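Here is the structure we will look at, set down as structure tokens.
Please read all numbers here as calculations on a predicted model, not as lab measurements. In what follows, chains are A, B, ... by sequence order, proteins preceding strands, each numbered from 1.
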Amino acid sequence: MSDVQPRVRFAPSPTGYLHVGGLRTALYNYLFAKRYNGKFILRIEDTDRNRYVEGAVEKLIESLKWCGLDYEEGPGKDGGYGPYIQSERLSIYKEHVDKLIENKHAYYCFCTPERLEALREEQQKLKLPQAKYDKHCLELSEETIKNNLESGMPYVVRLNVPPGLRIYIKDIVRGDVEFDSEVVDDQVLLKSDGYPTYHLANVVDDYLMGITHVIRGEEWLSSTPKHVLLYDYFGWRRPQFAHLPLLLNPDKSKLSKRQGDVAVEDYRDKGYLKEALVNFVALLGWTAGDDKEFYYLEELTEKFSLERVNKAGAVFNVEKLNWLNAEHLRKKPKDEIIDMLKKEIASSEYASITFTGELLNQIVDAMLERVSFVKEFLTKAEYLFKDFDSYDEETVKKRWKEDSSLLLKKLADKIEAIDNPLKEDYEHALHQVAEENNVGNGKVIHPLRLAVSGVGGGPGVFDICKIIGKKNVLNRITKAIEILK
RNA sequence: GGCGCGUUCGUCUAGUGGCUUAGGACGUCGCCCUCUCAAGGCGAAGAUCACGGGUUCGAAUCCCGUACGCGCUACCA
């Protein structure tokens, strides 16, 4: 890295939510900034009034924050380069467009949408290699332009792309990329509503905000020649570019809502840990080169480099995300897990029941290695929270035998006699029953598990007994005997 | 159609000319552990490195071509 402090930006357009692809872009920008002691800036690209969504900016910022990606400059955090919302910078763009027009690098265009449409159709009919604006308005006399302007005729301003020019772009992840200016259109820079297009606003702001590295999605690579031309025309030094590979659906198309969840908030609401999401998304297109896959944000910050970013798109594979979620969950401090469990309970059918911290502690101990999500404490071990009245058929068939009722009855009698039984007491009682009746422990254990949980799997059966308590154990044994025999 | 980018196990990836009988992870399957289910440990299956040419003593790695996929081709970003 050079001596200058890098300044990078995440520049989403506020469409309503933070896309996981956007999160990945934001994350790489963030990591790059942190890695090289730079600044991570948030800029809102809201130049399309038609797509304006109420409250989108707030949601975006909230999602970013939830992921732990705090920006150092941006809306509400002035760093001397504001405003950071493009709709508040209109005069700046106008000013720069004027400069371009002055130097003949841009020109007024009064063509109507109808003419443009007709032009496109004609070009298509002629099977021209590429549809482009025909520079019709470039030929307009100063006189005509002046008159048109004065009469209030609607206009746009277009970039004047010179023919026969070879445009070279250096990209940190893709290497050298070349374009022929013949294939770049005279892009509209300023729309008839006075708003700039992405291309103009992006370049002007990146320069004015001192952006050193433009790290963005691959979908922008094709329009980079336009941007580079603008830097050159303004006489500005180009930033370094890094075009990130796309995130894909399982069928390899660009990740879309059609095929699953794409919003960060969707994953949050489904119970994914931010640590897992960030960890997962970081690995979609980047590795440190070693075998490490479990990362916290801070560690990523120490190891990240753009040079190690992959070129090929990556399929968003939820199964691996699930695994990472379980890993992160298990590594969390227990009191934090208990807090999350409390919140989960508060919004569940058990909201009205009070669970002691000690009880929750035991539940977490018993279930932690059996769950991938906090909500699974509730769904994978319902029997720890409430009574039930159905028994897993397979397990009944396999574990409930002729003598089960009798053995459980005897066990219940023993348990009955114990005050405040501990885990060991249940175990001891069971061993006694097995011994006295000359059967293996399994003959008692499995029916007990079935009686007490209704299913064949789960934590140690004596842990279950301890958690649900003597009264429930006895009740459930009685009930099982009644129903199963 | 044009232009650009990409292509290593199902998926994420390691690999930058010999260390590779292509390594790891998720998932799948099996074994061990064990009262069960998990977790953990061990192991297996799974990639003719898209295909075809070249360069080289030697190529997943370099070059060329083809195919396929994706992106862009808007007064959307």
Side-chain angles (χ1 to χ4, degrees), chain A residues 11-15 45-48 50-51 109 111 113 116 120 124 127-132 154-158 169 171 173-175 177-180 182-185 187-199 201-202 216-225 243 245-246 248 250-254 280 283-294 310-324 326 330 366-372 380-381 395 398-399 427 430 440-450 453 455-462 464:
Chain A
S13 68
T15 52
E45 312 226 325
D46 60 343
T47 55
D48 184 0
N50 300 320
R51 291 216 294 185
C109 171
C111 290
L116 262 20
R120 224 163 314 190
Q124 230 157 47
K127 288 212 156 68
L128 250 43
Q130 67 272 325
K132 270 170 58 177
Y155 68 91
V156 300
V157 176
R158 287 180 182 274
I169 292 161
D171 189 280
V173 347
R174 275 152 224 285
V177 184
E178 294 179 32
F179 292 87
D180 199 319
E182 298 300 335
V183 306
V184 355
D185 201 3
Q187 185 63 233
V188 169
L189 299 176
L190 197 70
K191 301 184 254 187
S192 57
D193 62 4
Y195 279 69
T197 56
Y198 171 90
H199 309 283
N202 191 263
R216 69 205 337 179
E218 192 192 351
E219 67 266 32
W220 295 110
L221 187 55
S222 300
S223 40
T224 308
H243 286 94
L246 260 19
L248 312 172
D251 72 354
K252 305 257 181 192
S253 58
K254 191 172 161 183
F280 175 64
L283 260 22
L284 252 27
W286 175 87
T287 42
D290 51 27
D291 289 336
K292 188 174 163 65
E293 298 205 273
F294 184 90
N310 248 87
K311 296 182 199 344
V315 173
F316 192 94
N317 178 215
V318 185
E319 278 178 344
K320 190 150 189 174
L321 171 59
N322 291 345
W323 169 72
L324 272 173
R330 284 180 202 123
M367 289 301 295
L368 187 57
E369 62 201 22
R370 280 164 250 267
V371 302
S372 297
K380 283 201 167 173
T395 313
K398 192 172 166 199
R399 304 293 195 187
E427 192 165 2
L430 187 135
N441 292 330
K443 282 282 195 187
V444 195
I445 283 182
H446 295 300
L448 174 62
R449 169 180 296 284
L450 188 57
S453 74
V455 293
V461 72
F462 306 116
I464 297 178

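- At a threshold of 4.0 angstrom between heavy atoms, the contacts of A:Gly285 are confined to the sugar-phosphate backbone, with no base atom among them.
- Taking atom C1' on both B:rC19 and B:rG52, the two are 29 Å apart, rounded to the nearest angstrom.
- The partner of B:rG27, taking Watson-Crick or G-U wobble pairs whose two distances both stay under 3.5 Å, does not exist in any strand shown.
- Residue contacts for A:Asn441: at a heavy-atom cut-off of 4.0 Å it reaches no nucleic acid atom on any strand shown.
- For A:Asp291, there are no side-chain contact (heavy atoms from CB on, under 4.5 Å) partners, not counting sequence neighbours.
- Contacts of A:Asn310 with the nucleic acid, taken as non-hydrogen atoms under 4.0 Å apart, involve only primed sugar atoms and P, OP1 or OP2.
- Residues satisfying the salt bridge (charged side-chain N to carboxylate O under 4.0 Å, His left out) test with A:Lys191, not counting sequence neighbours, are none.
- Among the heavy atoms of the strands lying under 4.0 Å from A:Arg174 are primed sugar atoms or P, OP1, OP2 only; no base atom is included.
- Among the atoms of the strands shown, only primed sugar atoms or phosphate atoms (P, OP1, OP2) are found under 4.0 Å from some heavy atom of A:Glu178.
- Backbone-only contact: A:Val177 has heavy atoms under 4.0 Å from sugar-phosphate atoms and none from a base.
- In plain terms, the two heavy atoms of A:Val184 and A:Pro225 that are nearest each other are CG1-CB, 4.2 Å.
- Listed by chain and number, the residues in a ring pair (Phe, Tyr, Trp, His ring centres under 6.0 Å) with A:Phe462 amount to none (sequence neighbours excluded).
- Checking side-chain atoms of A:Lys311 against main-chain N and O of A:Val173 turns up a donor-acceptor pair under 3.5 Å.
- Partners of A:His199 by ring pair (Phe, Tyr, Trp, His ring centres under 6.0 Å), not counting sequence neighbours, listed by chain and number: A:His227.
- With C1' as the reference atom, B:rG15 and B:rC62 are 15 Å apart, rounded to whole Å.
- Rounded to a whole angstrom, the distance from the C1' atom of B:rA50 to that of B:rA38 is 40 Å.
- Nearer the 5' end of RNA chain B, as judged by each residue's closest nucleotide, is the contact made by A:Glu218, out of A:Glu218 and A:Arg120.
- Across all strands shown, A:Pro459 has heavy atoms under 4.0 Å from base atoms, whether or not it also approaches the sugar-phosphate.
- Nucleic acid contact class of A:Thr47 (heavy atoms, under 4.0 Å, all strands): sugar-phosphate only.
- Separating the C1' atom of B:rA14 from that of B:rA47 is a span of 13 Å, rounded to the nearest Å.
- Here A:Gly456 lies in heavy-atom contact (under 4.0 Å) with a base.
- Using the Watson-Crick or G-U wobble rule with both distances under 3.5 Å, B:rG46 pairs with nothing in any strand shown.
- Partners of A:Phe179 according to the ring pair (Phe, Tyr, Trp, His ring centres under 6.0 Å) rule, which considers only residues two or more places apart in sequence or in another chain, do not exist here.
- Using the six-membered ring where Trp is involved, A:Phe280 and A:Phe316 have ring planes that are perpendicular, over 60° apart on the 30 and 60° scheme.
- Within 4.0 Å (heavy atoms only), A:Ser222 reaches at least one base atom of the nucleic acid.
- Here the separation of B:rC64 from B:rG6, taken at their P atoms, is 13 Å to the nearest Å.
- Between chain A and RNA chain B, the heavy-atom contact criterion of under 4.0 Å yields a 5' to 3' nucleotide range of B:rG1 to B:rA77.
- Among the heavy atoms of the strands, none lies under 4.0 Å from A:Lys380.
- Annotation: B:rG54 and B:rU16 have their P atoms spaced 25 Å apart (nearest Å).
- With RNA chain B read from its 5' end, the first of the two nearest nucleotides for A:Asn317 and A:Thr287 is the one closest to A:Asn317.
- Side-chain atoms of A:Leu283 and A:Lys320, non-hydrogen and from C-beta on, never get closer than 4.5 Å to each other.
- Residue contacts shown for A:Phe280 are absent, as no nucleic acid heavy atom lies under 4.0 Å away.
- Among the heavy atoms of the strands lying under 4.0 Å from A:Val188 are primed sugar atoms or P, OP1, OP2 only; no base atom is included.
- Figure legend. B:rC33 is base-paired to no nucleotide; pairs are counted as Watson-Crick or G-U wobble with both atom distances under 3.5 Å.
- Across all strands shown, B:rC72 pairs with B:rG2; the Watson-Crick or G-U wobble distances both stay below 3.5 Å.
- Of the C1' atoms belonging to B:rC29 and B:rC9, the separation is 15 Å, rounded to the nearest Å.
- Going from the C1' atom of B:rA22 to that of B:rA59 covers 13 Å, rounded to whole Å.
- Among the protein residues, A:Lys127 comes within range of no part of the nucleic acid, since none of its heavy atoms lies under 4.0 Å from any strand.
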